[in-house]
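Step one of this worksheet: look at the structure below.
Since the model is a prediction, treat every value here as computed from it, not as a measurement. Residue numbers start from 1 in every chain, and the chains themselves are labelled A, B, ... in the order their sequence lines are given, proteins ahead of strands.
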2 protein chains.
Amino acid sequence: MNIENTKAQMKKGVLEFCILSILSHGENYPSEIIEKMKEAKLIVVEGTLYPLLMRLKNDGLLSYRWEESTSGPPRKYYKLTPVGEQFLKELDTTWKELVEAVNKTTNRTSQNG
Amino acid sequence: MNIENTKAQMKKGVLEFCILSILSHGENYPSEIIEKMKEAKLIVVEGTLYPLLMRLKNDGLLSYRWEESTSGPPRKYYKLTPVGEQFLKELDTTWKELVEAVNKTTNRTSQNG
DNA sequence: TGTAGTACCTTGTATCACATAGTACTAAAA
DNA sequence: TTTTAGTACTATGTGATACAAGGTACTACA
């Protein structure tokens with residue numbers, strides 16, 4: 001048992017939320033997403049991001065378009081669908097509730113019996 | 001893909017933190033922990049809690065003592081070990097960093113190229 | 001002996017992040 | 001054309017974890 005493992009576990013479910021949030025500000029292709037996550041101190045690797053994007057796309061939360069690149073293979077630019085935007089709103093609420101719940105258990109003793 | 005599933009995923013790793021926090025305020029037996037989590041709107045079931053407590057105990061973060069009960073079988077009262085207290089401090093930092101990281105990706109656009 | 005309530009424990013499943021390896025496109029050099 | 005380097009997308013296998021479902025065991029009461 002170590003902190004790194006726990007940190008990885010805490011990230012589960014949160015990545016989805018972060019990625020949708022990033023895409024809610026505009027189109028991005030995977031490498032850009034990884035870069036923006038890194039800026040926020042959330043390290044994500046390709047093996048994590050690609051399956052996640054595929055999952056979100058298959059569930060109708062994301063759509064993408066191909067765009068040629070002058071420095072390599074074409075890129076997949078992802079963006080939110082209306083369903084994705086709705087889902088993001090719910091995730092936002094879910095996240096806030098979780099933060100509040102964690103704060104309750106960690107700050108307060110709740111020793112009332 | 002639904003919110004409930006995502007909620008379950010977000011809880012991963014966070015439960016450990018919450019349980020250690022609750023126990024940092026004093027001894028508790030599993031049913032009490034479930035009750036306190038429920039008060040904070042974090043629903044945890046036995047099948048989740050028992051293996052988790054056992055894991056934390058095997059890793060030296062928790063210890064327990066048996067206590068007789070007048071209303072059923074004896075109870076296992078868990079409490080933090082010194083190692084557990086140290087680990088909790090690190091988890092506290094980890095959690096704060098995660099919250100900050102998520103807030104960065106969700107509030108700011110970070111559109112700088 | 002039987003029933004209800006409480007408490008602890010185990011097994012199997014689904015999901016997810018990650019390590020690792022592979023495929024494919026562009027550009028530059030031989 | 002072939003080779004090498006860089007960029008980008010994809011697939012497979014592993015470990016960790018929350019949960020559903022079922023099981024065991026103790027106490028109190030009829």
Side-chain angles (χ1 to χ4, degrees), chain A residues 1-20 27-35 37-38 42-59 62 64-78 91 94 98 101-102, chain B residues 1-20 27-35 37-38 42-59 62 64-78 91 94 98 101-102:
Chain A
M1 167 148 309
N2 56 29
I3 289 286
E4 289 314 311
N5 179 35
T6 301
K7 210 177 272 188
Q9 294 303 324
M10 280 189 179
K11 274 164 68 178
K12 289 195 180 184
V14 168
L15 288 186
E16 237 172 56
F17 176 40
C18 293
I19 288 165
L20 290 177
E27 286 185 327
N28 280 114
Y29 69 101
S31 296
E32 284 178 327
I33 296 175
I34 289 176
E35 199 51 42
M37 298 285 272
K38 197 186 291 177
L42 269 172
I43 307 301
V44 191
V45 295
E46 288 188 328
T48 299
L49 185 61
Y50 283 96
L52 208 164
L53 289 173
M54 206 173 306
R55 203 167 65 238
L56 294 173
K57 194 221 75 178
N58 289 338
D59 289 330
L62 297 181
Y64 67 80
R65 63 178 178 81
W66 286 101
E67 181 166 308
E68 301 290 323
S69 166
T70 57
S71 63
R75 299 163 174 172
K76 265 187 175 177
Y77 277 83
Y78 285 90
L91 278 189
T94 300
L98 180 69
V102 171
Chain B
M1 167 146 310
N2 56 29
I3 289 288
E4 290 312 312
N5 179 33
T6 300
K7 210 177 273 190
Q9 294 303 326
M10 281 190 179
K11 276 164 69 178
K12 288 195 181 185
V14 167
L15 288 186
E16 238 173 55
F17 177 40
C18 293
I19 288 165
L20 289 177
E27 286 186 327
N28 280 115
Y29 69 101
S31 296
E32 284 178 327
I33 296 175
I34 290 176
E35 198 52 42
M37 299 284 274
K38 197 185 291 175
L42 269 174
I43 306 301
V44 190
V45 296
E46 290 189 328
T48 299
L49 188 59
Y50 283 98
L52 208 164
L53 288 173
M54 205 171 309
R55 205 165 65 238
L56 294 174
K57 195 221 74 178
N58 290 338
D59 288 330
L62 297 180
Y64 67 80
R65 64 178 178 82
W66 286 100
E67 181 166 309
E68 301 288 323
S69 167
T70 58
S71 62
R75 298 164 175 172
K76 263 189 176 176
Y77 278 83
Y78 286 90
L91 278 188
T94 299
L98 180 70
V102 172

In plain terms, say whether A:Glu27 and A:Arg65 are close enough for a salt bridge, that is, a side-chain N and a carboxylate O under 4.0 Å apart.
yes
Establish, for the pair B:Lys76 and B:Tyr64, whether the NZ or CZ atom is under 6.0 angstrom from the six-membered ring centre and no further than 45 degrees off its axis. yes
Residue set satisfying side chain to side chain donor-acceptor pair (under 3.5 Å) with B:Glu46, at least two apart, ordered chain then number -> none
Applying side chain to side chain donor-acceptor pair (under 3.5 Å) to A:Ser69 and not counting sequence neighbours gives A:Ser71
In whole angstrom, give the distance that lies between atom [atom1] of [X] and atom [atom2] of [N].
X       : N      : atom1 : atom2 : answer
A:Leu15 : C:dC18 : CG    : P     : 6 Å
A:Asn5  : C:dA19 : CG    : P     : 12 Å
A:Glu4  : C:dA17 : CD    : P     : 16 Å
A:Leu52 : C:dC16 : CG    : C1'   : 8 Å
A:Met10 : D:dA16 : CE    : C1'   : 14 Å
A:Leu49 : D:dT7  : CG    : P     : 17 Å
B:Glu35 : C:dT6  : CD    : C1'   : 14 Å
A:Ile19 : C:dC16 : CD1   : P     : 12 Å

Taking donor-acceptor contacts at under 3.5 Å, does the side chain of A:Lys12 reach the base of C:dT15? no
Of all heavy-atom pairs linking B:Thr6 and A:Gly13, the shortest is CG2-O, 4.1 Å
Exercise for the section: Ignoring backbone atoms, establish whether A:Lys7 has a side-chain N or O less than 4.0 Å from OP1 or OP2 of C:dA17. Expected result: no
### Message
Could you check whether any side-chain heavy atom of B:Leu98 comes within less than 4.5 Å of a side-chain heavy atom of A:Leu42, counting everything from C-beta outward?
### Response
yes
Any side-chain heavy atom of B:Met37 sitting closer than 4.5 Å to one from B:Ile43? no
Grab the N/O contacts between the protein and nucleotides 7-9 of chain C below 3.5 Å, and write none if there aren't any.
residue : atom : partner : partner atom : Å
C:dA7   : OP1  : B:Tyr29 : OH           : 2.8
C:dA7   : OP1  : B:Arg75 : NE           : 3.1
C:dA7   : OP1  : B:Arg75 : NH2          : 2.8
C:dC8   : OP1  : B:Lys76 : N            : 2.7
C:dC8   : OP2  : B:Tyr50 : OH           : 2.8
C:dC8   : O5'  : B:Tyr50 : OH           : 3.4
C:dC8   : N4   : B:Glu46 : OE1          : 3.0
C:dC9   : OP1  : B:Lys76 : NZ           : 2.7
C:dC9   : OP2  : B:Lys76 : NZ           : 3.4

Which of C:dT10, C:dC16, D:dA18 is nearest the side chain of A:Arg55? It is C:dC16
With the side chain defined as heavy atoms from C-beta on, A:Glu68 is closest, among D:dT17, C:dT26, C:dC18, to C:dT26
